[in-house]
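As the structure is a computational prediction, the values presented were derived from the model and not from experiment. So you know, we letter chains A, B, ... as the sequences are listed, proteins then strands, and number each from 1.
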Amino acid sequence: MHMIEEIAKAKISRRDFLKGTVAATAAMAGLSMAGRGENALKAHAESVAPVEHAEITDIQSQGKWVTGSCWHNCGGRCLNKVLVVDGTVIRQKTDDTHEDSPDFPQQRACVRGRSQRQHVLSPDRLKYPMKRKNWNPGDGEKHPELRGMDEWERLSWDEAIEICADEIHRIVQKYGNQNILIPYGGECQMVLSKMGGYRSCWGTNSRGAYTSTPGKVGFWPQSNEGINDRIELRKSDVIILHGCNPAWSSAGNPAYHLLQIKKHNPNAKFISIDPLYNDSAALVEAEWIPIRPSTDMAFLLGLAYTVYKLDEAGEGLMDWDYLNTRTLGFDQEHMPTDAEEGAHSFKEYLLGELDGQPKDASWASEICGVPVEKFEYLARLLSKENKVAYLTAWAQARTHNADNLPQMHMTLGAMTGHFGKSGHCWGVSAHSRNINGGYYLCGSGGAGNPSAQNPLPNPTINDTECWEACKKGVAIHNSYGAPGVEVPIDLKMVYWGYTAFLNTREGTSAGIEVLRSMPEFVLSHSMFRTTNAKYSDIVLPVTTPWEKAGSFLQGNREALIMATKVIEPIYEAKNDQEIANLICAKIFEKYGEFYPELTADPVYPLTEEQQFMNSACGCWYLDENHEKKTLISITAEQKAAYGVEGEDQEGIITFDEFMEKGLFQIPRADGDAYGYIAWQDYREDVNNNAAKGNSASGMMEIYSQGLKDMVNAMKFSTIEAYPTWIEQEDGYFGTFADRKLGGEKGEFPLQIYNPHYLRRSHSDFDNVGWLREAWPNPVFLSKTDADAAGIMDGDTVQITSPHGSVLRNACVTGRLMPGVVGLPHGSWSDMDEKLGVDRGGTDNIICGGISTGAGVSGWNTGRCNIKKFTEYQLPADVDRSDMQERILFE
Amino acid sequence: MATAFYFDMTACIGCKACQMACKDKNNLPLGILYRTVQSYEVGEYPMPGVYHTSLTCNHCAEPACVAKCPTGAMYKTEEGPVLHDDDLCIGCQMCVNTCPYGVPKYLEDKKITGKCDTCIGIRKDGGLPQCVAACPMRALDFGTVEEILERHPDAVGMDTMPFMPESDTRPMTFVSPKTIVSADAVEKFF
Amino acid sequence: MNEERREIIELLLVNRQFCYSLLYHAFGREPDAAFMSLLLAENTEENFALLGGETLECVPAFLCSLREKAEDSGFLDQVRAEYMRLFVGPDRLPAPPWESVYLGEDGTLFQLSTLEVRNCYRSFGLLPEEYPRVADDSLALELGFMSTLASWATDAFRQNQTEELKKYLEGSEEFLRKHLLRWIPKFLERLSKACSEGILYPKLCRILDVFLKKDELVLKEILE
C-alpha cells in the first residue's frame, strides 16, 4: 500500500496533476499513427474464442501441415512440410508420405531445408520500402559514395512506386536504355522491356564450360544426362569421383545413392580426385588422389597420353571401334569435313608432335600435382574392360580457359569406350542429376506468364566482365557464343531483381567501387538486406514462395513437389510481379506517351492463383511406354476456384491428394521402364539421328571447328579446336614469381578455390543463425601452409588475392592438398570499411573479373596469400551481427 | 524393456540435418543442442581420415541424472527413455553436472533443464524421432534394443568408442563404427 | 473507499495511461517534432516521478540532456535515423523488437509466443490492424495493448464499472507478468549492448524497463 500512501503524503496538487496528465494524454492520443498500421490495434468483430493456453502446449493437434517451398538453387528440391497454426509456423518435418527404401527413397530435406522457417520468418526480413537517406531523386544529390554506409528512411509503397517510376523515366530519357543494367530478374526486366530495353548480363553460372562447349562438340544434350541412372550406377565396378562431392554439393539423396553403389557392390573401387579429401570420398572409403584446382586439363591429357601409350604397348585399354566410328578428330584419319585447312588432330598435340612436348605423365604431374606413378595405375583402371563410372562435376569447368575441358572428358571417355553400356558411363554428376542421370520422368506445366523481350540491340554483358566493363565504359556483347561486338556503357542505373549478383559474380570489390561512383539510381527487390540491397538507394521488400499461392518444384528426375501457401505476405512485402505491375502502371499514368509498348493492362495479367493452377493443369508424367500423360486430376470447379477456365481433366493423382501429400514420386526398381544408360542409343546405332549430339557433324567432335570458331569470335581469348592445356592468369603458374613452374613463389603463392558449403545454397540461407551455428564457415588450410604462416586452428586469417582481401577463421586440416586454400562459396559480404577487408569471407572479393574463352566464370581459378590477422579476432559468424552494428554506430 | 538409438558412422556424412531437425522440433535457442554432430580428423596428409558422430541422450539403463535429481523431474520410463518433467524441475542443474556425457542442457530462459525425449509425443502418434526421420543418409535408427541389434547385427555399444567418457550408467546407444576411429583423433569444425 | 484514496487511484490510472501512451508512441513510429515536444514537456518528469524510486532518478537527467540536444538543427534527423537502425532496417536489427525473438527461443517471428499474445488481444476484442501480416508481439503492439487497457481502465473507474475495471487491470497485470516483464529486460540488454551511443532509444528502453516493473506494483496495489 505504500505507493498510495506516499502519494497521499506528497506535496503535489493532485487536482493540477490530474488535469495536466489528462491534457498530456489527450495530446499524445492525438498523435497520428497513419501509415504505421503494423503498430496499431483494432477492435475486431470476429467472435473467435481465444485458443486456451493449455491447448497451446498440445499445438500439434490444432495445426495443419502444409508443404512449404524449398526453392533454393542447390539442385535438391526436397520435401519440406511445416506445421501452421493460425498463421504461425510451429515446426517442420520432411517426407513421410511413403515408406522409405533405397529404391523408393523419401525426399528428405537437408540441413538447410530443415531451417527454412528460420529463413522465412527471420526478423531480418525486409518489411517496408526504404530509401537511402542521402540519395535524392530527380536532380537532387545522389551521394553514391555513401552506398552501403548511409542511413535509411521509410517510404510508403505509393511514395516508393512514384519515385521509382520517376527515376526510371528520367534516366531512360536522359541517358538512354543502354546505360540501365538489369543483370537478371525477369520482373524488373519486364518493366524496362516496355520502355525501350536494358542491359542484362549472361554467364555460365553453375555449369561453367559445360554451358556452351557440349553443344558444339556433340556432347549435348547428353552431357547434362551423361551418366547412368542411380540404379544402373550400382552395376559399375570402378567409380571415379573427379571433383564430385555430392555430400556437400548436392544435399538431399545423392550421397545416399552413392552409398548404395557401395552397398550393392562391396568390391567396387572408388577413387576421388579432388583438392580436398571430401565427405563423399570418406563415405565410400575412396582412394584419394589430390589434385591442384584448375589443372584438370593437364591431368586428363596426361591420363589420355598414358592410356594411349599403354594401349600401344598392347594392353588393350582403348575402345578403337568406338573412337573410330563415333568420334571425329582424334587423328588425321578421322578429321571432320569442316576442319580448316592445315588442321591438326588431337593425337598430334597429345604426342607432342606440334610443340615438342609429349603430354606425358611427368609433364602433367608437374602441373596438376598428381604423382607420376598414379597415371599408369589410373589408366589401367580406365581400361575398356572395366565397368567404369567416371563421375565429374561442374566445379572444374568453373575455371578460366576451360572451354575445351568438357571436350577432353568426352575424348578420354571415348578413347576408353565408357559410353552407352550397362555399368559404364562418363559424364557430369552434379546438381539435380548427381548420382542419378537421365531424362525427367515427370514435370509441371507453365504458369502462363509473358516473358520480357528486350528490344535493345546487343544488350548483354558477360558476368565476368560486368564491373570491369562499367569501369572501362565498353563491354563486349557476345552472349552464349555470339560473335563479340563492342558496345559502350555509361552506367546510370542498376535494377536488382532475383539475383545475388554483386555477391555471387566475380569482382565484388570492383562492383562496390562501381556502385559507389557511377550509377545515379540503384533499385533493389529483396527479401533481406543482401549485398545487392546493401549498396542500393531504394529497397522494395518482396514475398518468399511461402507467401505465394503455390508452385511446383523439381530436383531429381523422379519426384515433383507441390508447394502451397504457408502464410500471408509478411509486413508490406509484395510479389515481384505486383511491383512490376505497379511501376509500369505509374509510368503509364504519368509518362505513357513516351512508351507505346505500355498499356493500361498489367504487364503480369495473371493472379498467383491462376499461375499456380496453370502449372498444375500442365503437370505430366511418363508412363511405362514413355508416353507423356496428364498427371493431376482436376475438376472444372477446382480450376474455376483458382480463376482458370477449363474442363475436367483426368490424371493419376487428384489435385487435393497432391496438395495434401506435397509429393508425387515415381517408384523405381532395377529392370523397370525408367532405367537410363547414357549414350546407349548412340553407341548402338551411329546413324540414329535422334541419338546424336548437336555438333556440326552429329558426332562426338574431338576436333571441333564449331567450338574453336565460336569461342575465338567472342573476343575474350582463343582456343584450339581440340583440347589443349592453357595457362591461366590466376592459375597455378601464376603462383610463381616468373610464372615458371618450380621457380620462386610470387606474391600470391597459394591457389584458392571455392567449395560449395552446407550452410548455404549459393548465397541463400547465409543469414540463418541455426545454420551459422552448425556450419561455421572457416577457411580451409592445409597443415603445411598453416604451419608455414604460423597459423593455428581457429586463428583469424587474412586471405589476399590480386582482387581483394577477406577474413576468416582457420580450419587447419590434413584433408586439403598443401598449396591450396579452400574458401567456401557464397557468404555475404561484410566490409570492414576502415581496413578494407571483408569480414564475411566473400569468395568474389577474392575472385576477380577475368574474362576468357566463352565467358566462363572462373571461381575455381584463384591465387592468394595468407597471413595471421592480428587487428582483432574475427567473432564466429553466429555472433558477428553485434560487430556489424558496433562499427555502424561509430 | 529398453529402447536405444543407433548410429551408423559408416553412412554419416556429417551434414547435421539430424541436429537441425532436433533443434527445430524442440525449438532450441542458439547455443543449445539436444543432438550434436561432431567431426573428427585422423591421420595426416596425404592419408587423412574423417569421421563424424551424432550423439544425443543415451537414455542410460542406470542414468546418473535420474539418480541425482532431487525432485524426480528426471525419470526413467518403463519403455526405456529417460524423460524430464518440466513442471517438477527446479533448475538445480544436478543432472547437468552429473551426466557423464554432458547431455542435459540448462535452459536459461525457462530456468529448467531439457534434453532429448526421443520425440515421445510424435512416436505415440506412430512417427519416428525427428532426427531418425530426418537423416538423408538413413544413418540413425531407434527401437528396442532387440530390434536395433536385429536390424544392425554388427552394432556395438557406443560406450566402446574412445570419444565417449567412462561411466557406469550403461548408455543405451549403439553404433556401427568406422575402422579409423581412434583416441588420437582431433575434433574439427569444418 | 475514502475520497482521498479514490482520487489517488484515479491519479495513478491516468498517470499510467499517459506513460503507456507515451511509450507506445515512442516505440510505435519514428519520432517527429510533435512527439518530441510532448516527450520533452515538463509534465513527463512529473508523471514518471509520481512512481518514485529509480524512475525518478534517471528521467530528469535524461530529459534535460535531451532538451539540450534538441536545440541542434540535426537532432530530429539523428533520432529518426536511430529509430530506423534499431527498429525498421533494412540493415540487420541489432535487437529486434519482438517478444518471440527473446522467448520464442529460435529467434524468429510468428512463434507460439506470438500466438499467445494474439490470444490476449483477442480476449479483449482486439487484433492488430494488419493481422495476420504482422507479428502480434512487437514492442509497439504490446505497448499499444497496454495503453488501450489503461485507457479503458480509467474510463471504467470513472464510470464506477467495478467488474470491468477489475478485468482490465487483471488483464494488464497478467500480460505484464507473462509477456512484457519477461522479455523487456533481455531486449534492453541487447539494445544497450548494440547501441550504447544511442541518444534516445537505449535510455527510453531503460525507462520502459523500470516503468513496467513499477507498473506491476501499481496494478497490484490498485487491485488490492
Using non-hydrogen atoms only, which part of [X] is less than 4.5 Å away from chain C: side chain, backbone, both, or neither?
| X | result |
| --- | --- |
| A533(A) | neither |
| S32(A) | both |
| R125(A) | neither |
| I567(A) | neither |

Self-check item: Shortest non-hydrogen contact from W152(A) toward P90(C)
Solution: CG-CD, 3.2 Å
Quiz item: Which heavy atom in D91(C) sits nearest to a heavy atom in R529(A), and how many Å separate them?
Solution: OD1-CD, 2.8 Å
Taking only Lys NZ, Arg NE, NH1 and NH2, and the carboxylate oxygens of Asp or Glu, determine whether [X] and [Y] approach each other closer than 4.0 Å.
| X | Y | value |
| --- | --- | --- |
| D830(A) | R92(C) | no |
| R36(A) | E30(C) | yes |
| R14(A) | E4(C) | yes |

Quiz item: Any residues in residues 129-136 of chain A near chain C, with a heavy-atom distance under 4.5 Å, and which are they?
Solution: M130(A), K133(A)
Exercise. With rounding to the nearest 0.5 Å, note down the distance linking CG in D77(C) to CD in E153(A).
Key: 7.5 Å
Quiz item: Judged by atom type as modelled, is there a donor-acceptor pair below 3.5 Å linking the side chain of R133(C) to the main-chain atoms of A573(A)?
Solution: yes
Exercise. Look only at the side chain of Y128(A) and the backbone of G89(C), and say whether a donor-acceptor pair between them is shorter than 3.5 Å.
Key: no
Quiz item: Who pairs with F145(C) by ring pair (Phe, Tyr, Trp, His ring centres under 6.0 Å), at least two apart in sequence or on another chain?
Solution: Y121(C), F124(C), F175(C)
Quiz prompt | Any residue meeting salt bridge (Lys or Arg N to Asp or Glu O under 4.0 Å) with R16(C), in chain and number order, not counting sequence neighbours | solution = D215(C)
Exercise. Name the option with the most non-hydrogen atom pairs under 4.5 Å to chain A; the candidates are P128(C), P96(C), G144(C).
Key: P128(C)
Self-check item: Counterpart residues, side chain to side chain donor-acceptor pair (under 3.5 Å), relative to N767(A) (two or more places apart)
Solution: none
Quiz prompt | Minimum side-chain heavy-atom gap L18(A)-E10(C) below 4.5 Å | solution = yes
Quiz item: Taking the side chain as C-beta and beyond, is there a heavy-atom pair between L121(A) and Q111(C) under 4.5 Å?
Solution: yes
Exercise. Answer with yes or no whether the side chains of N47(C) and T21(A) bring together a donor and an acceptor at under 3.5 Å.
Key: yes
